[in-house]
Asks: 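My questions all concern the structure below.
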Amino acid sequence: ATAVFYTVSGVCQTLAGFAVDRFGARRILLLGLTLCSVGVLLAGLAQSYAMLVVAFFVAGLGNSVFHPADFAILNARIQPRRLGYAFSFHGIGGTLGWALAPMFAYGISVIYGWHTALIVASLLGVAMIGLILANGVTLQAAGRAQARAAVPTTFRDDVRMLLATPVLMCFLYFLLLAAALIGVQNFGVAGLVSLYDAPVALASSALTAFLVGGAAGILTGGYVAGRSKRHDLVAAGGMFSSGLAVLVLATGVLPLTLIAPVLAVAGFMSGMTNPSRDLLVRGATPPGSSGKVYGFVYSGLDVGSMATPVLYGWMLDRALAAELFYAVFAVLLLTVVTVLYLPGRAAAARAA
């Protein structure tokens with residue numbers, strides 16, 4: 001069911017980007033929230049596995065619109081000098097949501113069951129729809145700004161733009177980033193237990209330190225991006241530093257007391273790159289094409305999330321915990337390569 005969710009979201013994210021540029025971000029964002037809320041509601045009402053898969057399919061359709069719609073609105077409504085801060089707070093919101101979701105769902109499900117937890121969760125989507133409708137004038141202005149900036153293009157032009165080297169490098173960056181994060185977030189606890197013989201509670205706390213460090217890094221990254229003119233160096237340096245922290249972890253020589261601090265550093269340095277990397281994507285985006293480009297490059301997150309769990313699971317099944325962390329380190333190094341390839345190409349595209 002989860003695979004269906006990520007597959008549908010990844011496949012439809014680029015299509016959602018085209019819809020954002022064509023019909024406006026506000027309309028598509030409302031449609032996505034509606035589909036997501038309906039999907040979660042159907043999951044809460046599910047009485048069979050087949051219905052659960054259908055629910056995740058619908059929710060995946062809704063999930064596909066958020067990146068292209070959100071970033072199209074931010075790029076249209078926020079002054080360029082403040083975009084780093086805006087991307088930072090946008091990322092913090094998502095991180096806090098991911099952190100609060102387990103407590104929210106678990107707290108309700110313990111008392112009332114998981115069906116009720118999902119039904120209540122769907123009501124949060126309804127509340128967000130009301131919030132967007134109440135602020136419709138602001139978001140409609142974003143749609144008009146996009147329409148004024150857009151230049152009529154053919155389908156061939158759009159495909160050529162998405163296959164341009166800077167855009168492909170951005171897509172590859174997000175694919176590799178997802179591959180690295182999946183390794184730490186989904187398999188890190190089991191890897192630490194296997195590699196260090198760490199207690200499960202300690203390993204779980206180390207993962208929490210990684211997530212908290214990531215949130216702190218995103219917040220810090222907004223201020224760094226707002227004061228930096230070389231976003232490529234910020235992103236490359238942050239990912240390289242995060243990779244070094246994972247490399248130290250992979251050696252298996254750390255005392256148990258240092259596992260959580262090292263992972264916190266890895267999370268912080270990775271999170272700090274988020275606003276700068278989003279500004280790099282903006283630099284590779286032609287006017288009026290924010291939806292298409294952001295939809296396409298962020299679909300790399302879904303592709304990376306789909307493609308790598310089998311590999312990491314295979315490693316853990318064969319007691320290759322150290323190799324798992326070495327693989328995460330290698331993937332983080334590859335993200336540095338994609339970032340360093342961006343600045344000159346993006347500048348050339350803007351000049352053209």
Side-chain angles (χ1 to χ4, degrees), residues 2-3 6 91 95 98-99 102 172-218 220-221 234-274 277 300-340:
T2 305
Y6 281 116
T95 301
W98 282 112
L172 185 58
Y173 173 91
F174 283 107
L175 186 154
L176 294 169
L177 176 65
L181 293 180
I182 285 289
V184 176
Q185 295 180 12
N186 291 36
F187 296 88
V189 172
L192 291 173
V193 171
S194 176
L195 181 59
Y196 285 91
D197 198 23
V200 174
L202 176 64
S204 299
S205 298
L207 176 59
T208 301
F210 177 82
L211 296 173
V212 172
I218 294 173
T220 305
V234 174
M239 297 308 290
F240 182 73
S241 300
S242 180
L244 288 181
V246 174
L247 178 63
V248 172
L249 190 70
T251 61
V253 300
L254 288 175
L256 293 181
T257 54
L258 290 183
I259 291 176
V262 168
L263 271 177
V265 170
F268 178 86
M269 297 308 298
S270 175
M272 189 183 68
T273 68
N274 286 18
R277 69 151 195 231
L301 291 175
D302 295 309
V303 175
S305 299
M306 290 185 294
T308 51
V310 173
L311 173 62
Y312 292 137
W314 179 87
M315 289 180 173
L316 286 179
D317 286 344
R318 285 152 182 78
L320 301 175
E323 286 76 4
L324 184 150
F325 290 112
Y326 281 124
V328 171
F329 164 70
V331 171
L332 289 173
L333 281 188
L334 289 175
T335 66
V336 175
V337 176
T338 63
V339 168
L340 292 178

Asks: Step by step, would you call Leu181 with Phe210 a side-chain contact (heavy atoms from CB on, under 4.5 Å)?
Replies: CA-CA 10 Å; Leu181 293 180; Phe210 177 82; 3.9 Å; yes
Asks: Do Ser242 side-chain atoms and Gly238 backbone N/O form a donor-acceptor pair below 3.5 Å?
Replies: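 No: the side chain of Ser242 does not pair with the backbone of Gly238.
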Asks: Measure across Val193 and Ala203 and return the closest heavy-atom pair with its distance rounded to 0.1 Å.
Replies: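 Residues Val193 and Ala203, closest heavy atoms: CG2-CB, 4.1 Å.
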Asks: State, with a plain yes or no, whether a side-chain heavy atom of Met239 is found less than 4.5 Å away from one of Tyr173.
Replies: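 Yes - at least one pair of side-chain heavy atoms lies under 4.5 Å apart.
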Asks: How long is the straight-line distance from CG of Leu256 back to CG of Asp197, given to the nearest 0.5 Å?
Replies: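 It is 8.5 Å, given to the nearest 0.5 Å.
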Asks: Could you tell me which non-hydrogen atom of Val328 sits nearest to which non-hydrogen atom of Ala180, and how far apart they are?
Replies: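 Shortest heavy-atom separation between Val328 and Ala180 comes out as CG1-O, 3.9 Å.
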Asks: Of all heavy-atom pairs between Thr257 and Pro261, which one has the smallest distance, and what is that distance?
Replies: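 That would be O-CD, 3.3 Å.
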Asks: Is any side-chain heavy atom of Ile182 closer than 4.5 Å to a side-chain heavy atom of Tyr312?
Replies: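 Ile182 vs Tyr312: side chains touch.
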Asks: With a 4.5 Å limit on heavy-atom distance, are the side chains of Pro309 and Phe187 in contact?
Replies: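 They are in contact (side-chain heavy atoms under 4.5 Å apart), so the answer is yes.
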Asks: May I ask you to test the Ser241-Leu244 pair for a side-chain heavy-atom distance under 4.5 Å?
Replies: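 The answer is no, as the side chains (C-beta and beyond) never meet within the 4.5 Å cut-off.
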Asks: Specify the closest pair of heavy atoms between Ala322 and Leu195, including all atoms of both residues, with the distance to one decimal.
Replies: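 Looking at all heavy atoms of both residues, the closest pair is CB-CD1, 3.8 Å.
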Asks: Please report the closest heavy-atom contact between Ala179 and Val331, naming both atoms and the distance.
Replies: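 It is CB-CG1, 4.1 Å.
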Asks: Do other residues, nucleotides or ligands put more than 12 heavy atoms under 6.0 Å from the CZ atom of Phe240?
Replies: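 Open.
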Asks: Taking the side chain as everything from C-beta on, heavy atoms only, tell me whether Trp314 gets closer than 4.5 Å to Leu320.
Replies: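 Yes, side chains in contact.
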Asks: Measuring from Thr338:OG1 to Leu177:CG, what's the distance to the nearest 0.5 Å?
Replies: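 If we round to the nearest 0.5 Å, Thr338:OG1 and Leu177:CG are 9.5 Å apart.
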Asks: So, taking the atom named CG in Leu316 and the one named CD in Glu323, what distance separates them when rounded to the nearest 0.5 Å?
Replies: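 It comes to 10.5 Å.
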Asks: Distance from Leu175 atom CG to Leu301 atom CG, nearest 0.5 Å?
Replies: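 Atom-to-atom, Leu175:CG and Leu301:CG are 8.5 Å apart.
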Asks: Can you see which heavy atom on Ala236 is nearest to which on Leu340, and at what distance?
Replies: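 It is CB-CD2, 3.8 Å.
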Asks: With a 4.5 Å limit on heavy-atom distance, are the side chains of Leu249 and Leu192 in contact?
Replies: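 The answer is yes, as the side chains (C-beta and beyond) meet within the 4.5 Å cut-off.
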Asks: Say whether, by atom type as modelled, one donor and one acceptor occur between the side chain of Ser194 and the main chain of Gly191 under 3.5 angstrom.
Replies: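 No; zero donor-acceptor contacts below 3.5 Å.
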Asks: State whether the side chain of Tyr196 and the backbone N or O of Ile259 hold a donor-acceptor pair below 3.5 Å, judged by distance alone.
Replies: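 Side chain of Tyr196 to backbone of Ile259, a donor-acceptor pair under 3.5 Å: no, none is there.
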Asks: Got Leu207 and Leu263 here, is their nearest side-chain heavy-atom distance under 4.5 Å?
Replies: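 Answer no - side chains too far apart.
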Asks: Could you tell me whether a side-chain N or O of Ser270 sits under 3.5 Å from a main-chain N or O of Ala266, the two making a donor and an acceptor?
Replies: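 No, the answer is negative, given that no donor and acceptor are paired below the 3.5 Å cut-off.
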Asks: Would a 4.5 Å heavy-atom cut-off, applied to side chains only, mark Arg277 and Phe174 as touching?
Replies: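 Arg277 reaches Phe174 side chain to side chain.
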Asks: Hey, could you give me the CZ/CG distance between Phe329 and Leu324, rounded to the nearest 0.5 Å?
Replies: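 The distance works out to 14.5 Å.
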